Number of protein chains: 2
Amino acid sequence: MTAPHDDLLRAFARYEDALMGGDVEVLDELFEDSSETVRSDGGATLVGHGHISAFRAGRPAAPRRWLERVHVQDVSSDVHRNPVVTVMVAESVRPDGSTGVQTQVWRRAEGRWTVMTAHVSSAPPAPAPSLPADADLGAVWRVAPADLEHGTSAAGRADVPSVARGLPLAGVGIAVKDLFAVAGQRTGAGNPAWLAQAEVETVDAAALTSFLTAGAHVEGVAHTDELAFSLAGTNVHHGTPPNAAAPGRITGGSTSGPAAAVAAGLADLALGTDTAGSVRVPASYCGLYGLRTTHDAVSRAGLVGLAPSFDTVGVLTRGGPLLASAVETLLPEQDVTTVDRLVVVPALLELAEPDVRLAVEAALLALSVRTGIPVETAGEVGPGALESWFAAFRTLQQAEAWETHGAFVQAHPGAFEPAVEERFLAGSAVTETDVARAQATITQARTTLARLLPHGTVLALPSTSSVAPRTDAGPAEIDLTRAATLRLTCLASLGGLPALSVPTPRVGSLPVGLCLVAAPGQDRTLVDLATGGTL
Amino acid sequence: MTAPHDDLLRAFARYEDALMGGDVEVLDELFEDSSETVRSDGGATLVGHGHISAFRAGRPAAPRRWLERVHVQDVSSDVHRNPVVTVMVAESVRPDGSTGVQTQVWRRAEGRWTVMTAHVSSAPPAPAPSLPADADLGAVWRVAPADLEHGTSAAGRADVPSVARGLPLAGVGIAVKDLFAVAGQRTGAGNPAWLAQAEVETVDAAALTSFLTAGAHVEGVAHTDELAFSLAGTNVHHGTPPNAAAPGRITGGSTSGPAAAVAAGLADLALGTDTAGSVRVPASYCGLYGLRTTHDAVSRAGLVGLAPSFDTVGVLTRGGPLLASAVETLLPEQDVTTVDRLVVVPALLELAEPDVRLAVEAALLALSVRTGIPVETAGEVGPGALESWFAAFRTLQQAEAWETHGAFVQAHPGAFEPAVEERFLAGSAVTETDVARAQATITQARTTLARLLPHGTVLALPSTSSVAPRTDAGPAEIDLTRAATLRLTCLASLGGLPALSVPTPRVGSLPVGLCLVAAPGQDRTLVDLATGGTL
């Protein structure tokens, strides 16, 4: 990670505070006291500290802004390799949704960092992502909103005037992953053979019940990858849900349909599951917030599982406030606690493609500046450990998946996409010894993770190794991406840890997620850290 | 002058060409080939050469833009003091009047300059300067437009439907300095005693006739400093004309009223005179184009003169195209010739306040990049020469002013502002020996200037040493400003040279002029150089 001096970051944070607080004296102090100091916006360029100071004194404090990304480029360094000139490019959003960028050239002299060049500009809010009129909504919904309206139970619930009752999720429409029981509907689990044998549910899944009780309604039942045993978001039976945030690219999976619906504005909240990354991957690819909850913290009753040691309930939203409400609804007993340390692990950052890594680092720096929490590097986990952890995770996941669904897969030969079927069959070959060894490794991993993540510490890593692959990407590219991404995502899965993918970074025009991981039970703390104070 | 390497300026000019030509290959070459290269606008930040390249390839060439100012900040240099990293901030205008700023951090490696950080933004056209509703127009007009409408000859001419006849100045309203004969009006010369004895003119001044024949009309007769013997723009009898471009500040003079009228949009074209800077100073203070013509190139018939060795006709406009038309009308026999060298003289740059100097250098760099003409430093004229030249100029100006108006001044004691009267009286004390010595110095100066300015060379200098002083500035401040400014302006006056003040630089929010001087007869060449290709 490009590590600017802490004192530069402190100066930068001080500048942000002074700007929004209208503290002209501090702003003057942070601009180089030179007749050549430059400050530009689109309309005017001021040259000279005195003119810049006079301009500031004549205007009110800047509107509040929310730092999303901070990019750092070291320009020159001294003989001790300490930066002397550093460019900082900060991207922010404002309360009205407009975006801002400030580019600042900072120079260090006599131990003090000051700005020699500044350029600030803004743009109106970007239009929300949406799907073309001819998009294949059949690839999104297994039970579309229109069909629900004419159904019985779910539609009946949507008619309850929850808004009027002031419930926290009043008016919120949920895209339910087709693994959760929805009363009055069968569960499809992404596979026609499964749907064919499924019976109509009489009771909503526990997590869904929480949301409905809080005033939300079912917008539709959305497709999943087959039995949730994929991260791709493709489904040979139902098609590939379109990614409104990254046209021409996959949504990722297995919570593919719900993520597609939320990204396109067809639903507000996705109710999904995350075993190996099935919430975090589509969150990253679709530019959404996506929380994998602490293992066993949210009831999995009414859910078609895959690997019970790792299966969790998760949610996806477009914005921070709804995420916070949804997570509070799911986990009402949790408190928000203080975070005082952000850590990065080089071996994890290196799993991401170079531009994804830069984007994630930019988002992390923004988080650090916003919250005042320093970023530290933790070297305890190396590539070798990650490799063995992933192998152990895969062994246990495959074994449990076979235990869960082996009988069904065997009874329906040819009913699955070959790659999915192959993954299940691999589980049939796992021996008890393999499992025991994997369990031992996982126990070690959990110990290491517990040491890495004491109370108050949050681990930051890329949610995925890449942006969303193209829908026409070949199997080799998909496999490569999947392999690197799994080494990132399996960490929280192994530890049973809550993990939040935050949608701020962008690689080119494509979204990618910054993932925040904490100790078990810190779900709401993570959400508060990433979204607290959202404009 | 901050002198970036020529190769950097060439790279910058190449970038501008490629941007407007949509040459993605060259743009790619000029951006640092790194995953950390940053390109921002208000809406998005792209990180990485590949993403920037993909973005460029997907959009058309940039709209044409006209560079107005280029600011250069050297950030770091190598052991030979050659810059290694340099920030360039370029301000431009676009065809629709909107403005743009681009900040680029350029880095040199292996002899090649490339951009490591770029930020571009734009803003809607700024509203044109205007006067508050309660502004004192009595300080602008000696004969206001309303009074002309009810008059006879001038108003009669305004009714001629010149637009319909396709004349080059059709529809153009002139603010005529109250030194030019306007048929049907008396000439006031900025002094009530003068006006009281003046007879109604029967023939328009020659320069005015040229404009009227080309289709323009008299908008009004505007105030001058008393007998044009001041640069301040104040007039004890008529008040201080308001400066719409710099509220609360003087317009400068002596073409004060006409400049005020054009700056505020009350007239299109100012017809003025320039002996020691009386067109260039108000142009600089009011953000206007102002041309002092080659001595004797434009007839002074019908003009109340001051010092015939230096008196010239001049014009002021807000925009380049009208300036070009007006000058072509005045000097139809002149050709536009090629300029291949821009020179600066350090001793002249040093006469300006530091921030004025920076602004002028920024405008000159923009001119150089726009035209591809290099800037060279010429050291032939030092501060000592400037001082002796100015003394000689003042001696001859005062002697001639006394010769021209001494009798009137003596006959009207107390009719003038004391400072103006004092200047006239100083002329009475100039001896023939003083004049002869001054003439000898002036001859030397002309030789030096002719050597400095061969055909094809243009001298660039600050139009004034400062921005417009406040209307409440004390006499000491005014005198200081006047003294430094006169040492700049007297150069063209001494040489009988054409001099164009170009309004692009800004100091804080205030205008100031870049002055371009060439050999006699190069008036239209100067105008074409500064405004050719104006959007």
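Chain naming here is simple, since letters A, B, ... match the order of the sequence lines and numbering starts at 1 in each. When reading the values below, keep in mind they use all heavy atoms of this one structure, side chains included, and skip hydrogens, waters and symmetry mates. Note that the structure is a prediction, hence the values are computed from the model and not measured.
Judged by distance alone, the side chains of A/Ser463 and A/Ser284 never bring a donor and an acceptor atom under 3.5 Å apart. Checked by atom type, the side-chain pair B/Glu36/A/His71 shows no donor-acceptor distance below 3.5 Å. A/Asp74 and A/Thr86 share a donor-acceptor pair across their side chains, judged by distance under 3.5 Å alone.
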Could you give me the CA-CA distance, side-chain angles and deciding distance for B/Ser76 and A/Val84, then say whether side chain to side chain contact (heavy atoms under 4.5 Å, CB included) is met?
CA-CA 9 Å; B/Ser76 70; A/Val84 173; over 6 Å; no
Candidate pair A/Glu16 and A/Arg370, rule salt bridge (charged side-chain N to carboxylate O under 4.0 Å, His left out), full reasoning
CA-CA 9 Å; A/Glu16 285 293 297; A/Arg370 269 199 326 259; over 6 Å; no
Decide yes or no on salt bridge (charged side-chain N to carboxylate O under 4.0 Å, His left out) for A/Asp78 and A/Arg108, but give the supporting numbers first.
CA-CA 10 Å; A/Asp78 63 20; A/Arg108 180 164 57 85; 3.1 Å; yes
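Considering every non-hydrogen atom in both A/Ala460 and A/Leu514, the closest pair reads CB-CD1, 4.0 Å.
Proximity to chain A (any heavy atom under 4.5 Å) is shown, for B/Val507, by both the backbone and the side chain. Within the 4.5 angstrom heavy-atom criterion, only side-chain atoms of A/Val105, from C-beta onward, approach chain B. Heavy atoms of A/Thr37 lying under 4.5 Å from chain B belong exclusively to its backbone. Heavy-atom distances place both the backbone and the side chain of B/Val75 under 4.5 Å from chain A. Of the atoms belonging to B/Ala44, it is backbone heavy atoms, and not side-chain ones, that fall under 4.5 Å from chain A. With a 4.5 Å cut-off on non-hydrogen atoms, A/Val38 touches chain B through its backbone and its side chain both. Heavy-atom distances place no part of B/Ser34 under 4.5 Å from chain A, backbone and side chain included. For B/Arg107, the part lying near chain A is the side chain, with the backbone staying farther off; criterion is any non-hydrogen pair under 4.5 Å. Within the 4.5 angstrom heavy-atom criterion, atoms from both the backbone and the side chain of B/His119 approach chain A. For a residue to count as touching a neighbouring chain, one of its non-hydrogen atoms must lie under 4.5 Å from one of that chain's; by this rule B/Ser122 touches chain A with the backbone only.
Identified by a heavy-atom distance below 4.5 Å to chain A, the contributing residues of residues 46-60 of chain B are B/Leu46, B/Val47, B/His51, in residue-number order.
With rounding to the nearest 0.5 angstrom, the CD atom of B/Gln104 is 12.5 Å from the CE atom of B/Met116.
At distances below 3.5 Å, not a single donor-acceptor pair connects side-chain atoms of A/Asp41 with backbone N or O atoms of A/Val120. A/Arg470 places no side-chain N or O within 3.5 Å of a backbone atom of A/Ala473 that could act as its donor or acceptor partner. When atom types are taken as modelled, the side chain of B/Thr103 and the backbone of B/Val89 share no donor-acceptor pair closer than 3.5 angstrom.
Among B/Leu351, B/Leu488, B/Leu364, the single residue meeting the side-chain contact (heavy atoms from CB on, under 4.5 Å) criterion with B/Pro462 is B/Leu488.
Ranked by heavy-atom pairs under 4.5 Å with chain B, the first of A/Thr117, A/Leu510, A/Val87 is A/Thr117. The candidate from B/Thr45, B/Val85, B/Thr99 with the greatest count of non-hydrogen atom pairs under 4.5 Å with chain A is B/Thr45.
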